[in-house]
Amino acid sequence: MPELPEVETVRRGLAERVVGRRIERVEVGRERTVRRTSREAVIDGLQGTTMLEAGRHGKYLLCPLDSGDTLMVHLRMSGQLLLAPEGAQRPPHTHVALHLEGGEELWFVDPRTFGEVVVFDPDNVAVELPEVANLGVDPLSEAFTRAEVARLLRGRKRAMKALLLDQHVIAGIGNIYADEVLHRTKLRYDHLSSDLSTRKAGQVHDAIADILGAAVAAGGSTLRDARYVDLMGGGGYYQDFHRVYDREDQICLTCGKARIVKTVVAGRSTHYCPRCQR
DNA sequence: CGATCTACCTGATGGC
DNA sequence: TGCCATCAGGTAGATC
């Protein structure tokens, strides 16, 4: 569920409401959520610490603590971070609860349990969280330029959809926004990245920046199942602006003629306009 | 190297 | 209403 815009919305909530407040007590329910290390490592690593800032790289939340360690949270498919009053009724599948100074709790809720909570030493990230060390450029960072995107895309011979989803190249794009970016740039999912002109690669850069930026401004995309919500439990509304995702058989909003096709590519649902995208 | 498939889980949805 | 099959936004690892 959550891709960069949704994770960024959660990050902003943490920056506004959790950074600077001491974590007084930690509860870990389900062991699977902390499988990377252990229940003890997460409890001992968080208890008594304070988040210095709320960071993000791609879909990974990375929050440095005053202990020198860093808290990593990945929401994967169904994870949520929710802020609630101390003692409030917890939803099912609340696997971690942080009791914050000032009488609130921060919950990690995750029905499918793909998500993770890790406390790690940032100086040792390559060993403790290698996938974080190997993340590609973040589209909201200064390093995300037209020239860099052209280099990343044109230097590889990959199907465009698979490449946009590859977190080692560009970090943060998931299935929804990959389809939206490809539609905006009129590229089909199987267009080879090595065939892009420099100009076209620049358009891909611009589409990523525009679409992710607009989605962040809209608070992300909350689909019918409402599995993505922000820290306060509110939904985003960028789903109202999707032009291909979840619009199977509907008329393309760009050409007004063809109907959106839904197919499966590399095991992922893929939506595109057969008339606009080549 | 790259594409595809599978596995990890639970819940929502749709067909019968 | 109930049962069952199918599908879901992510990622890593195996296989070809």
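Chain identifiers are assigned alphabetically (A, B, ...) following the order of the sequence lines, protein sequences preceding nucleic acid strands; residue numbering begins at 1 within each chain.
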Check your understanding: What interatomic distance, in whole Å, is found between P of B/dT6 and the corresponding atom of C/dT6?
Key -> 14 Å

**Study point:** Residue A/Ala162, side-chain heavy atoms: nucleotide from B/dC9, B/dA3, C/dT11 that is nearest
**Key:** B/dA3

Review point. When you measure from the side chain of A/Arg156, which nucleotide among B/dT10, C/dA8, B/dG2 comes out closest?
Key: B/dG2

Review point. Should the pair A/His95 and A/Phe108 be assigned to parallel (<30°), tilted (30 to 60°) or perpendicular (>60°) ring geometry?
Key: tilted

Check your understanding: Do the two ring centres, one from A/His205 and one from A/Phe144, sit under 6.0 Å apart?
Key -> yes

Check your understanding: Checking all strands, does A/Tyr245 fall into the base, sugar-phosphate, or nothing category for heavy-atom contacts under 4.0 angstrom?
Key -> sugar-phosphate

Study note, to complete from the structure: Here the distance between atom P of C/dG10 and atom CD of A/Glu6, to the nearest Å, is 9 Å

Check your understanding: Atom CG of A/Leu223 and atom C1' of B/dG11: how far apart are they, to the nearest Å?
Key -> 15 Å

Review point. When we call it a touch if two heavy atoms are under 4.0 Å apart, what does A/Lys262 touch: a base, just sugar-phosphate, or nothing?
Key: sugar-phosphate

Review point. Are A/Tyr238 and A/Glu180 close enough that a side-chain donor and a side-chain acceptor fall under 3.5 Å?
Key: no

Revision key, fill the gap. The side-chain contact (heavy atoms from CB on, under 4.5 Å) partner of A/Ile170 among A/Leu165, A/Val204, A/Leu152 is A/Leu152

Review point. Taking OP1 and OP2 of B/dA3, is either one under 4.0 Å from a side-chain nitrogen or oxygen of A/Lys161?
Key: no

Check your understanding: Expressed in angstrom and rounded to an integer, what is the separation of A/Asp190 atom CG from B/dT4 atom P?
Key -> 10 Å

Review point. Taking any strand in view, what nucleotide pairs with B/dT13 in a Watson-Crick or G-U wobble way, both distances under 3.5 Å?
Key: C/dA5

Check your understanding: What nucleotide among C/dG10, B/dT10, B/dA3 has an atom nearest to a side-chain atom of A/Arg30?
Key -> B/dT10

**Study point:** pi-stack flag for A/Phe114 and B/dC8, centroid dist under 5.5 Å, interplanar under 30°
**Key:** yes

Check your understanding: Using 4.0 Å as the upper bound for N to carboxylate O, is an ion pair formed by A/Arg21 and A/Glu105?
Key -> no

Study note, to complete from the structure: Side-chain contact check for A/Ser269: nearest option of C/dA8, B/dA3, C/dT11 is C/dA8

Practice item. Identify which nucleotide among C/dG10, C/dA8, B/dG11 has an atom closest to any side-chain atom of A/Pro111, counting heavy atoms from C-beta outward. Key: B/dG11

Review point. Within this structure, what is the CE-to-C1' distance between A/Met77 and B/dT6, rounded to whole angstrom?
Key: 14 Å

Check your understanding: Between B/dG2, B/dG11, C/dG10, which one does the side chain of A/His93 approach most closely?
Key -> B/dG11

Review point. Using a cut-off of 4.0 Å on non-hydrogen atoms, how would the nucleic acid contact of A/Gly267 be classed: base, sugar-phosphate, or nothing?
Key: nothing

Exercise for review: Please determine, for the side chain of A/Thr113, which listed nucleotide (B/dC9, C/dA8, C/dA12) has the closest atom?
Suggested key: B/dC9

Check your understanding: Hey, is the side chain of A/Arg112 pairing donor to acceptor with the base of C/dA8 inside 3.5 Å?
Key -> yes

Review point. NA contact type, A/Arg32, heavy-atom cut-off 4.0 Å: base, sugar-phosphate, or nothing?
Key: sugar-phosphate

Check your understanding: Do A/Arg76 and A/Glu116 meet the salt-bridge criterion of a basic N to acidic O distance under 4.0 Å?
Key -> yes

Point to revise | Between C/dG10 (C1') and A/Gln167 (CD): distance, integer Å | key: 8 Å

Practice item. Specify the separation, in whole Å, of atom CG of A/Asp246 and atom P of B/dA12. Key: 17 Å

Point to revise | Exercise: do A/Arg32 and A/Thr113 side chains pair donor with acceptor under 3.5 Å | key: yes

Check your understanding: Can you check whether A/Arg158 has a side-chain N or O nearer than 4.0 Å to OP1 or OP2 of B/dC1?
Key -> no

Check your understanding: Just checking A/Leu165: base, sugar-phosphate only, or nothing, at a heavy-atom cut-off of under 4.0 Å?
Key -> nothing

Study note, to complete from the structure: From NE2 of A/His95 across to P of B/dC9 the rounded distance in Å is 11 Å

Review point. Starting at NE2 of A/His74 and ending at P of B/dC8, how long is that distance when rounded to a whole Å?
Key: 19 Å

Exercise for review: Check every strand shown and say whether A/Arg35 touches a base, only sugar-phosphate, or nothing at a heavy-atom separation below 4.0 Å.
Suggested key: nothing

